[in-house]
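Let me begin by presenting the structure, written as structure tokens, before commenting on it.
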Amino acid sequence: MSIVNTLQKCVIESLSALHNINFTEKDFQINETKPEFEGDYTVVLFSLIKPVKSSPEALGKNLGEYLIKEYPGYFTQFNVIKGFLNLTISNNFWIDFVNKNYDDICFGKKPLNGKKVMVEYSSPNTNKPLHLGHLRNNFLGWSVAEIFKASGYEVIKSCIVNDRGIHICKSMIAWQLFGNGATPESTSTKGDHFVGEYYVKFENELKKQAAELASKEALKNYTHYNGEEQNKVVAFETQKVKLLEENNDKNKEKIVKINDELLEIRRNATPIMKTAKNMLLDWEAGKPDVIELWKKMNGWVYEGFEVTYKKIGSDFDTTYYESNTYLLGKETVQQGLSKNVFFAKDDGSVWIDLTADGLDEKLVQRKDGTSVYITQDIGLAQQKYDEYKIDRSIYVIGDEQNYHMKVLKLICQKLGMPYADNIYHLSYGMVELPTGKMKSREGTVVDADEIVAEMENIAKEKTEQLGKVNDFNNEELNKLFHTIGLGALKFFLLRVDPKKRMIFNPEESIDFHGFTGPFIQFNHARIKSILRKGELKKGAVIDNDLLPLEKNLIVALEKYPLVLQQACHEMNPSVIAIYVYEIAKTFSSFYTEHSILSAETENKKQLRLKLANLTANVVKSAMAQLGIEVPDRM
RNA sequence: GGUCCCGUAGCUCAGCUGGAUAGAGCGGCAGCCUUCUAAGCUGUAGGCCACACGUUCGAAUCGUGUCGGGAUCACCA
């Protein structure tokens, strides 16, 4: 049991004995004692003084005396300042803690609890390569899965591949039009980048054709539209003219909106867009040549993804393909109708009314009977549960889908699905550049493969400058560059609270100093270097004279199990990132001040070696939760 | 317009289940390598915690409102 939990228990027992009142852990707070006061942990007394009918000073004094008398193994001293009872934990406890755990590589982890959790993450589209945003998703998902594992859960990592739909048809059409039979091999291009290039080519051609239509429209030629489209366009144009005549600043926004609508209609009317839509229909009809092309191009993408996933350390226990799941959920619609959770409109479309929950009416089936995105998700949620009997289902998806995920969970709940309450949307904020959002149209998207390679390069340059590993062979060197470069990137993306948007500055944000992955890796390497030289002897060390910097480190290490618990509870890897940095920093301060190998006495040396070993274990374990390796030398 | 998220040092972020004088890193300034890896350590400057009101013994933290930024509200996925 951690010292904080122990302290809570002792305080509860003491108050029960002293005042005959039963408190719980939630009735009072225990904090770390601020450095400017004497003590290790502090009981905040304010919340207790009313029930015990005592002044803070008197309560603190009584409680402090009682704790020291009854639990001499834990507490040695106390002082009361205002409403704070500062307690000094006995050195015996800290030494005992080191002796017990210094060699336990599982320290902090919990035994299996028999529960299953599925973490869905990554979820790529097969029309373009992964970018920086995907990296945040992948690192988060993988890390959260590891955190659950360390907390005793059985974890199934899953991925839903968005492999069908208009976007992949766009790449296919462009390849047919402009590809001349080129392949990733013939052009020496990674498969996902290759297909992505055709997606861009499609967009460029689409833009060109839309511009041509626009110039026709400028001459009042609307022959490229069908009747319905023409009516819409004319209506919008009339509205626009009216707004322009009013010459009101407030109309500007409306006009922008109308222009967007017009552009959308125009884009959909371009020949190339019509071709793509036809191809989607052909795909749904299972037309052999379309299916064949689809398989070929997706195959290229998967080959590319595999390389990237391997490089960044993402893997999945199961992969769902939308081409297999997009028809799911149709039965659900029928069930929902018969349960009166859904209702049908006159045109045959099916809806759910969520206005009572503060949301809108939401379509669940089109009038043509095909299912929409949300319906597929309901179906897949059901399938996940049927297949694995999972206790919890985590979805790592960006915060632009907060509304969608809220709706998904709500519908599942209304349908009375047993897993509905355990659906959790792990929402994360977008990664932005100093110049704003990444936009593929403006070519400001940071490519995943490129940024990883760049990080490895920086790692290489810095390592060569420092010249500490000149005896490494090429293989060892490349592994080290990868470990450091990727470690820096992962740490950078994971150290921030997932739900917050974050800014990535390619020039400045990635540093190898301070609050970074490499700094932590560096401290691990230093410890390993010492452990190679010093002889750590098994058996308990006895030392009753802990120096402040030694104690700081022990106190920090002792918190690890609680930190893991918190990270799991919050599904938040940044909790671990912040903690492991604290450990590295605390060790670093200790390291510069006190020599381990040339310690004052053999006893001190053994204590410090054990402390160093425990630090290395915790650093390695914590970094592993983040998916970051730590080198023995760097 | 409705709903949701965010606003803390020049920059990037902690702290938010209320607790002592609000913390890190980067950047600035000043020191420290004949001593276990200086990717380091130490010191210093830098804050009306967006603003206002409220709840409380106590508010960066909770509530309401205002301002600023973002997301979303498709028979797209």
Side-chain angles (χ1 to χ4, degrees), chain A residues 26 29 31 33-34 36-37 42 44-47 49-50 56 81-84 86 123 125 162 164-167 264 322 326 345 347-351 355 357-368 370-374 376-377 398-404 406-407 427 429-430 432 434 437 459 462-463 465-466 468-469 484 488 492 495-497 499-505 508-509 511-523 525-534 574-575 577-578 581-582 584-585 588-599 608 612 633-634:
Chain A
K26 284 176 184 163
Q29 240 180 24
N31 298 336
T33 304
K34 298 237 166 194
E36 55 268 36
F37 301 103
T42 296
V44 183
L45 302 165
F46 297 107
S47 59
I49 55 174
K50 247 186 202 167
I81 298 169
K82 292 199 255 175
F84 301 93
N86 301 321
S123 308
N125 287 358
N162 190 349
R164 54 136 248 137
I166 195 71
H167 59 276
E264 197 54 34
E322 209 190 286
Y326 81 109
K345 289 196 178 174
D347 62 5
S349 57
V350 182
W351 298 73
T355 48
D357 298 279
L359 306 176
D360 309 89
E361 281 189 358
K362 204 70 194 163
L363 179 88
V364 293
Q365 191 176 75
R366 297 192 187 95
K367 65 184 169 198
D368 63 7
T370 56
S371 60
V372 291
Y373 184 43
I374 193 103
Q376 301 165 30
D377 281 346
D399 63 6
E400 77 271 14
Q401 298 209 39
N402 283 355
Y403 181 80
H404 173 78
K406 210 167 163 182
V407 170
S427 167
M430 295 291 106
E432 292 175 14
K437 281 184 216 165
K462 302 230 175 188
T463 305
Q465 271 169 28
L466 293 168
K468 294 177 189 172
V469 288
I484 296 172
F492 184 83
R495 65 177 220 196
V496 180
D497 187 339
K499 69 170 180 284
K500 292 197 175 178
R501 285 187 287 156
M502 66 183 299
I503 294 178
F504 181 89
N505 186 330
E508 295 163 24
S509 285
D511 196 345
F512 287 8
H513 303 274
F515 187 14
T516 67
F519 169 74
I520 295 156
Q521 292 171 321
F522 164 70
N523 277 290
R526 270 164 146 184
I527 296 173
K528 284 295 177 181
S529 169
I530 292 167
L531 292 172
R532 281 191 295 271
K533 291 173 189 161
S574 77
V575 170
I578 291 161
Y581 172 65
E582 183 197 332
K585 206 163 68 107
S588 202
S589 297
F590 158 75
Y591 170 95
T592 3
E593 197 62 35
H594 305 295
S595 176
I596 294 170
L597 295 177
S598 316
R608 289 179 187 167
R633 289 183 58 193
M634 67 184 276

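Keep in mind that the numbers below use all heavy atoms, side chains included, and drop hydrogens, waters and symmetry copies. The chains referred to below are lettered A, B, ... by the order of the sequence lines, with proteins before strands, and numbering in each begins at 1. Just so we're clear, the structure is a prediction, and the values are computed from it rather than from any experiment.
- Among K500(A), R501(A), K499(A), the single residue meeting the side chain to side chain donor-acceptor pair (under 3.5 Å) criterion with D497(A) is K499(A).
- Looking only at distances, no side-chain donor or acceptor of D357(A) sits under 3.5 Å from a matching main-chain atom of L359(A).
- Listed by chain and residue number, nothing satisfies the salt bridge (charged side-chain N to carboxylate O under 4.0 Å, His left out) test with E400(A) (two or more places apart in sequence, or in another chain).
- Phosphate contact (OP1/OP2 of C36(B), side-chain N/O of R633(A), threshold under 4.0 Å): absent.
- Using a 4.5 Å cut-off on side-chain heavy atoms (C-beta onward), H404(A) and D377(A) make contact.
- Side-chain contact between K462(A) and M634(A): absent, with no pair of heavy atoms (C-beta onward) separated by less than 4.5 Å.
- The CD-P distance, from E322(A) to C76(B), rounds to 14 Å in whole Å.
- Counting heavy atoms from C-beta on, the side chains of R633(A) and K468(A) never come closer than 4.5 Å.
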Generate the contact string for nucleotides 13-22 of chain B. Rules: B means base contact, S means sugar-phosphate contact only, - means no protein heavy atom under 4.0 Å.
SS-B--BB--

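- Residue Q365(A) contributes atom CD, which lies 19 Å from atom P of A74(B) at whole-angstrom precision.
- Residues forming a ring-ring contact (aromatic ring centres under 6.0 Å, His included) with H167(A) (at least two apart in sequence, or on another chain): none.
- Across K585(A) and F519(A), no two heavy atoms sit closer than the pair N-CE2, 3.9 Å.
- Pairing each heavy atom of G514(A) with each of Y581(A), the nearest pair is O-CE1, 3.6 Å.
- Using a 4.5 Å heavy-atom cutoff, the side chains of T463(A) and F512(A) are not in contact.
- Look at OH on Y403(A): it is 8 Å from P on C73(B), rounded to the nearest Å.
- Contact between I484(A) and P518(A) at its shortest, heavy atoms only, is CG2-CG, 3.9 Å.
- Only the C1' atoms considered, A9(B) is 6 Å distant from G46(B), to the nearest whole Å.
- C11(B) and C51(B) have their P atoms separated by 15 Å, with the value rounded to a whole Å.
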All N/O pairs under 3.5 Å across the protein-nucleotides 32-34 of chain B interface:
none

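- Rounded to whole angstrom, the span from the NE2 atom of H167(A) across to the C1' atom of A77(B) amounts to 8 Å.
- When each of L359(A) and K499(A) is assigned the nucleotide of RNA chain B with its nearest heavy atom, L359(A) is the one assigned upstream, toward the 5' end.
- Against the 90° criterion about 0, the sugar-base torsion of C33(B) places it in the syn range.
- One atom, CD1 of I596(A), and another, P of C36(B), lie 12 Å apart when rounded to the nearest Å.
- Figure legend: cation-pi geometry between R495(A) and F515(A), with NZ or CZ positioned under 6.0 Å from the six-membered ring centre and within 45° of its axis.
- Note: CD (Q401(A)) to P (U72(B)) measures 9 Å, nearest angstrom.
- Going from the P atom of G40(B) to that of G27(B) covers 10 Å, rounded to whole Å.
- At a threshold of 4.5 Å between non-hydrogen side-chain atoms, the residues I530(A) and Y591(A) count as touching.
- Looking at heavy atoms from C-beta onward, F84(A) lies in side-chain contact with V44(A) at the 4.5 angstrom threshold.
- Within the 4.0 angstrom heavy-atom criterion, only backbone atoms of the sugar-phosphate kind lie near D399(A); the bases stay farther away.
- Taking the six-membered ring where the residue is Trp, the centroids of F504(A) and F492(A) are separated by under 6.0 Å.
- Spacing between atom CD of E400(A) and atom C1' of C76(B) amounts to 13 Å, rounded to whole angstrom units.
- N402(A) and S427(A) share a donor-acceptor pair across their side chains, judged by distance under 3.5 Å alone.
- The same atom, P, is picked in G31(B) and in C16(B); the two are 38 Å apart, to the nearest Å.
- Of the C1' atoms belonging to U21(B) and C67(B), the separation is 31 Å, rounded to the nearest Å.
- Here C36(B) is the nucleotide among C36(B), A77(B), C26(B) with the atom lying nearest to any side-chain atom of L597(A).
- If you check every strand for non-hydrogen atoms under 4.0 Å, Q376(A) touches nothing.
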Collect all protein-nucleotide pairs involving nucleotides 39-45 of chain B in which both atoms are nitrogen or oxygen and the distance is under 3.5 Å.
| unit_1 | atom_1 | unit_2 | atom_2 | d |
| --- | --- | --- | --- | --- |
| A39(B) | OP1 | K468(A) | NZ | 2.1 |
| A39(B) | O3' | H513(A) | ND1 | 3.1 |
| A39(B) | N6 | T463(A) | OG1 | 3.3 |
| G40(B) | OP1 | G514(A) | N | 3.0 |
| G40(B) | OP2 | H513(A) | ND1 | 2.5 |
| G40(B) | O3' | S588(A) | OG | 3.1 |
| G40(B) | O2' | R526(A) | NH2 | 3.0 |
| G40(B) | O2' | S588(A) | OG | 3.2 |
| U42(B) | OP1 | S589(A) | OG | 2.9 |

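- For the pair K533(A) and U37(B), the criterion of a side-chain N or O lying under 4.0 Å from OP1 or OP2 is met.
- Straight-line distance between the C1' atoms of C49(B) and G18(B): roughly 15 Å, to the nearest whole Å.
- Between C6(B) and G43(B), the distance separating the two P atoms is 34 Å to the nearest Å.
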How is the base pairing of RNA chain B summarised as a dot-bracket string, given the Watson-Crick and G-U wobble criteria with both distances under 3.5 Å, [ ] for crossing and | for another strand?
(((((((..((((.....[...)))).(((((.......))))).....(((((..]....))))))))))))....

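- Straight-line distance between the P atoms of U61(B) and C53(B): roughly 13 Å, to the nearest whole Å.
- Atom CG in D357(A) sits about 15 Å away from atom C1' in C73(B), given to the nearest Å.
- With hydrogens and angles ignored, no donor-acceptor pair closer than 3.5 Å exists between the side chain of S529(A) and the base of C36(B).
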